[in-house]
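Have a look at the structure below before the remarks.
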There are 2 protein chains.
Amino acid sequence: MATQPTTLTPGKGERTATRVREAALELFSRLGFERTTMGDIAVAAGVSQPALHYHFQDKAQLWRAAMLQLRAVIAEEEQLMEASTGAGPLDQLRTALRLFLQISWKHPALGRIVALEGMAGGERLDWLHAHLLGPRNQRLVDLARAAIAAGELKPFPPEQLIITLQAAGAGVINLSPLMKTSFGIDPSTPTARAAHEAMMLDAFLGGLLAQPQSPARRQTAPASGEAP
Amino acid sequence: MATQPTTLTPGKGERTATRVREAALELFSRLGFERTTMGDIAVAAGVSQPALHYHFQDKAQLWRAAMLQLRAVIAEEEQLMEASTGAGPLDQLRTALRLFLQISWKHPALGRIVALEGMAGGERLDWLHAHLLGPRNQRLVDLARAAIAAGELKPFPPEQLIITLQAAGAGVINLSPLMKTSFGIDPSTPTARAAHEAMMLDAFLGGLLAQPQSPARRQTAPASGEAP
DNA sequence: GCGGTTTCTGATTTCATAGTCAGAAATGAC
DNA sequence: GTCATTTCTGACTATGAAATCAGAAACCGC
């Protein structure tokens, strides 16, 4: 007794509830709320459909429970950001973007949900904003604003800038099925991931700089080679 | 008789069918296929729900009919691109991006559909690829590849590059509801649109250039002032 | 304005899925 | 091992949306 202060062994109920939440997050984020059926989730979690209603009151509550798993993801991101407190705003923004990309690859459901519900609007988006996205977006916008104020970034509207960076960063990840269909390419291979990260940090963020920092040899190898 | 070689006056049936297609495109692209009901479309088009089945066999066929309206949009884009045939690949790419942004603002449904179905995969994405997106994406990737071969663009994987540019360009437009919820901002005002276009062309595309073309005064005013 | 055709509606059926419930099976403390 | 409790299932109901259809209304060439 000492390693984890939380529950020692989760107990059968909590274990299946977790499986259900994970399956639900995957399906909800990929297909959206209505297109995902309780039956689909049950099959994916390996239980019967009524079992879902034993653990979760209804579909809407299961959706929220699934989303709440992402709180840990965002909290982890936030914690990793703290290491760069004290650095200049641009360096912090660079770190934030790098972390965003890592998190997005590791938990693609987050970006998909933002895209899905962010397009539709409605009460689910309001809920996401209140419980998940609000502080994070605010933090990033504040960073961008500080970098602009410091003369390190071109003076674009910081909200647009942040949303666009997120959309660009998550684009290739979210649209994996499209890339497969259109080009026969799987963007989740290590090679493709490295190229993607290089492109985002080098080119996209680089283009936003107020002065072309070091125009000489900042060329990172975009393909091949393993990531650090 | 001479102005239009097509039908002179559409006739009542075709007129309501068009209203239905337009309403369907708006709803399908915003909410997705399952979340959109035939009843919703009927109300939006000002007809009864069975009327939809008079003009369109079933929901799936109405979806396809709605999507086919976007063919004209893409054809128009393609036609406008022809003006820059003969220019260097980078100039063509710049034109393509500018046109993409214009089209995306004018017909936001296109970007939303790509995002929605491109995330989910499945037969609707296959259909979109075959009937709408395939040639366009191929054309853009070929352009990027040419620009890279000419040494004008940094050598990132052209497919990733194109998808990312599209995701970045459509991001702010698609995520209008998110921007409203998170920041209370409407990105579709003329000012915001101008800033967005400047950001995409100046910063994002600029960052991709192989050599920092003209690092001096290529600073376009990001906000205020009317677009040319 | 008439008659045939096109276009549309109200009423109804069909079907998929969310949600309920009584009771069976698994679990784990003793 | 026993037994109370937790966990889950099969069978069922309720609901909402897609699709159908008979007939009404609008349309249009004459």
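Order of the sequence lines sets the chain letters (A, B, ...), proteins ahead of strands, with each chain counted from 1.
The base of D:dA19 sits with one of its N or O atoms less than 3.5 Å from a complementary donor or acceptor on the side chain of B:Gln49.
Listed nucleotides: C:dG19, D:dA18, D:dT9. Nearest to the side chain of B:Thr37: D:dA18. Here C:dG28 is the nucleotide among C:dG28, D:dA11, C:dT9 with the atom lying nearest to any side-chain atom of A:Arg15. Comparing C:dG28, D:dA18, C:dA18 by their closest approach to the side chain of A:Lys59 singles out C:dA18.
What separates CD of A:Glu14 from C1' of D:dC8 is a distance of 15 Å, to the nearest Å. Between the CG atom of B:Leu52 and the C1' atom of D:dT20 there is a distance of 14 Å, rounded to whole Å. If you measure from atom NE2 of B:His53 to atom P of C:dG10, you get 15 Å, rounded to the nearest angstrom. B:Ile41 places its CD1 atom 11 Å from the P atom of D:dA19, with the value rounded to the nearest Å. To the nearest angstrom, P of D:dA18 lies 12 Å from CD of A:Glu34. For the pair B:Trp63 CH2 and D:dA19 C1', the interatomic distance rounds to 20 Å; values are reported in whole Å. For the pair A:Phe56 CZ and C:dA18 C1', the interatomic distance rounds to 16 Å; values are reported in whole Å. The distance between atom CG of A:Asp58 and atom P of C:dG19, rounded to the nearest whole Å, is 5 Å.
Distances shorter than 4.0 Å separate none of the side-chain N or O atoms of B:Tyr54 from OP1 or OP2 on C:dC8. Applying the 4.0 Å criterion to OP1 and OP2 of C:dC8, one finds that B:Thr16 has a side-chain N or O inside that range. Side-chain nitrogen and oxygen atoms of B:His55 include at least one within less than 4.0 Å of the OP1 or OP2 phosphate oxygen of C:dC8.
The ring-ring contact (aromatic ring centres under 6.0 Å, His included) analysis of residues 97-118 of chain B, with sequence neighbours excluded, yields the pairs B:Trp105-B:His196.
In the model, B:Thr37 has a side-chain atom that pairs as donor or acceptor with a side-chain atom of B:Asp40 under 3.5 Å.
Remark: B:Arg124 is positioned above the aromatic ring of B:Phe33, its terminal NZ or CZ atom under 6.0 angstrom from the ring centre and at most 45 degrees off the axis.
Side-chain atoms of A:Thr36 come within 3.5 Å of backbone atoms of A:Leu27 as a donor-acceptor pair (strictly under, hydrogens ignored).
Shown here for B:Phe156 and A:Ala198, the closest heavy-atom pair between the two residues is CE2-C, 4.0 Å.
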